[in-house]
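The first residue in the sequence is number 1, and the count goes up from there.
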Amino acid sequence: GVEVGPQPQGVVRADILDKMRKIVKHGLDFVQLFNEGREFPPCTIEVFKIMEKVDYPRNKNDEVIAIIHPKLQDQDWQPLDNGDPLFLTLDGEVIAYKGDCTVYPTFINEAAYYEKKQAFVKTVKIKLTAKHIRSSVL
């Protein structure tokens, strides 16, 4: 499956649809070249590994007491360092990120995740290395 976004629920955006078509075409091109016997060299790629789903701050009655800080809003995949603002309480108090490493939040303030108690997902950047590959069927 391929999920490309962000886009609001029930909305079809031309730019997002174009991105989805491009990634599917690249995948199909790879399969065709692999099936034709093309050898692919070793490679390394940076990816984001999900570490934790982060909920909104809540009170003892399980009610949300803070919103995403304006400096974090729309900053998906951007570095978040210790001390950077995460949430803003309804009283104007800033709740900062407390962590021992840089993380890369994503799915920030997505409406589809409110009911799942998810303000954003914390990811870290890692590198994956693949050996060369070639189809053995020719």
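Glu63 meets the salt bridge (Lys or Arg N to Asp or Glu O under 4.0 Å) test with no other residue; sequence neighbours excluded. Remark: Gln78 pairs with no residue by the side-chain hydrogen bond (donor to acceptor under 3.5 Å, both in side chains) rule, at least two apart or across chains. Qualifying salt bridge (Lys or Arg N to Asp or Glu O under 4.0 Å) partners for Lys71, counting only residues two or more places apart in sequence or in other chains: none. Remark: Tyr97 pairs with no residue by the ring-ring contact (aromatic ring centres under 6.0 Å, His included) rule, at least two apart or across chains. Tyr114 is linked by a ring-ring contact (aromatic ring centres under 6.0 Å, His included) to Tyr56, counting only residues two or more places apart in sequence or in another chain. Under the salt bridge (Lys or Arg N to Asp or Glu O under 4.0 Å) criterion, Lys49 pairs with no residue at all, not counting sequence neighbours. Under the rule for a side-chain hydrogen bond (donor to acceptor under 3.5 Å, both in side chains), Glu39 has no partner lying at least two apart in sequence or in another chain. Residues passing the side-chain hydrogen bond (donor to acceptor under 3.5 Å, both in side chains) test with Arg38, sequence neighbours excluded: none. Applying the salt bridge (Lys or Arg N to Asp or Glu O under 4.0 Å) criterion to Asp74, with sequence neighbours excluded, gives no partner residue.
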Side-chain donor-acceptor contacts of residues 24-31 below 3.5 Å, not counting sequence neighbours, with atom names and distances?
| from | atom 1 | to | atom 2 | distance (Å) |
| --- | --- | --- | --- | --- |
| Lys25 | NZ | Asp29 | OD2 | 2.8 |

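Closest of all the heavy-atom pairs between Val124 and Thr102 is CG1-O, 4.2 Å. Between Pro105 and Leu80, the shortest heavy-atom contact is CD-CB, 3.8 Å. Listed here is the closest heavy atom pair of Ile108 and Ile68: CG2-CG2, 3.9 Å. Taking both residues in full, the closest heavy atoms of Asn82 and Gly99 are given as OD1-N, 3.1 Å, listed atom of the first, atom of the second, then distance.
You'll find the side chain of Thr123 stays beyond 4.5 Å of the side chain of Val103, heavy atoms only. Using a 4.5 Å cut-off on side-chain heavy atoms (C-beta onward), Lys117 and Arg58 make contact. Using a 4.5 Å heavy-atom cutoff, the side chains of Leu72 and Leu86 are in contact. Ile95 has its side chain within reach of Pro57: a pair of non-hydrogen atoms, C-beta onward, lies under 4.5 Å apart. Residues Ile126 and Leu128 are in side-chain contact: their nearest non-hydrogen atoms beyond the backbone lie under 4.5 Å apart. With a 4.5 Å cut-off on side-chain heavy atoms, Leu88 and Ile67 count as touching.
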Item checked: Worked check of side-chain contact (heavy atoms from CB on, under 4.5 Å) between Gln118 and Phe107 -> CA-CA 9 Å; Gln118 181 178 311; Phe107 303 112; 4.2 Å; yes
Note to self: Gln32 vs Glu36, test: side-chain contact (heavy atoms from CB on, under 4.5 Å). Steps then yes/no.
What the structure shows: CA-CA 6 Å; Gln32 181 176 345; Glu36 290 173 354; 3.1 Å; yes
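Pairs of residues two or more places apart, or lying in two chains, that qualify as salt bridge (Lys or Arg N to Asp or Glu O under 4.0 Å) and include a residue from residues 120-132 are Glu46-Lys125, Glu52-Lys122. Within the structure, salt bridge (Lys or Arg N to Asp or Glu O under 4.0 Å) pairs that include any residue of residues 80-107 do not occur (at least two apart or interchain).
Residue Leu17 places its CG atom among more than 12 non-hydrogen atoms of other residues, nucleotides or ligands, all under 6.0 Å distant. Counting non-hydrogen atoms of neighbouring residues, nucleotides and ligands closer than 6.0 angstrom, the CD1 atom of Ile133 exceeds 12 such neighbours.
Under the 4.5 Å side-chain heavy-atom criterion for Ile, Leu, Val, Met, Phe, Trp and Tyr, Val12 and Met20 are members of distinct hydrophobic clusters. With hydrophobic clusters built from ILVMFWY side chains whose heavy atoms lie under 4.5 angstrom apart, Phe120 shares a cluster with Val47.
Using a cut-off of 4.0 Å between Lys/Arg side-chain N and Asp/Glu carboxylate O, Asp15 and Lys19 are scored as not salt-bridged. Here Lys116 does not pair with Asp55 in a salt bridge; the nearest charged N to carboxylate O distance is not below 4.0 Å.
Taking the centre of each ring, Phe48 and Tyr104 come in below the 6.0 Å mark.
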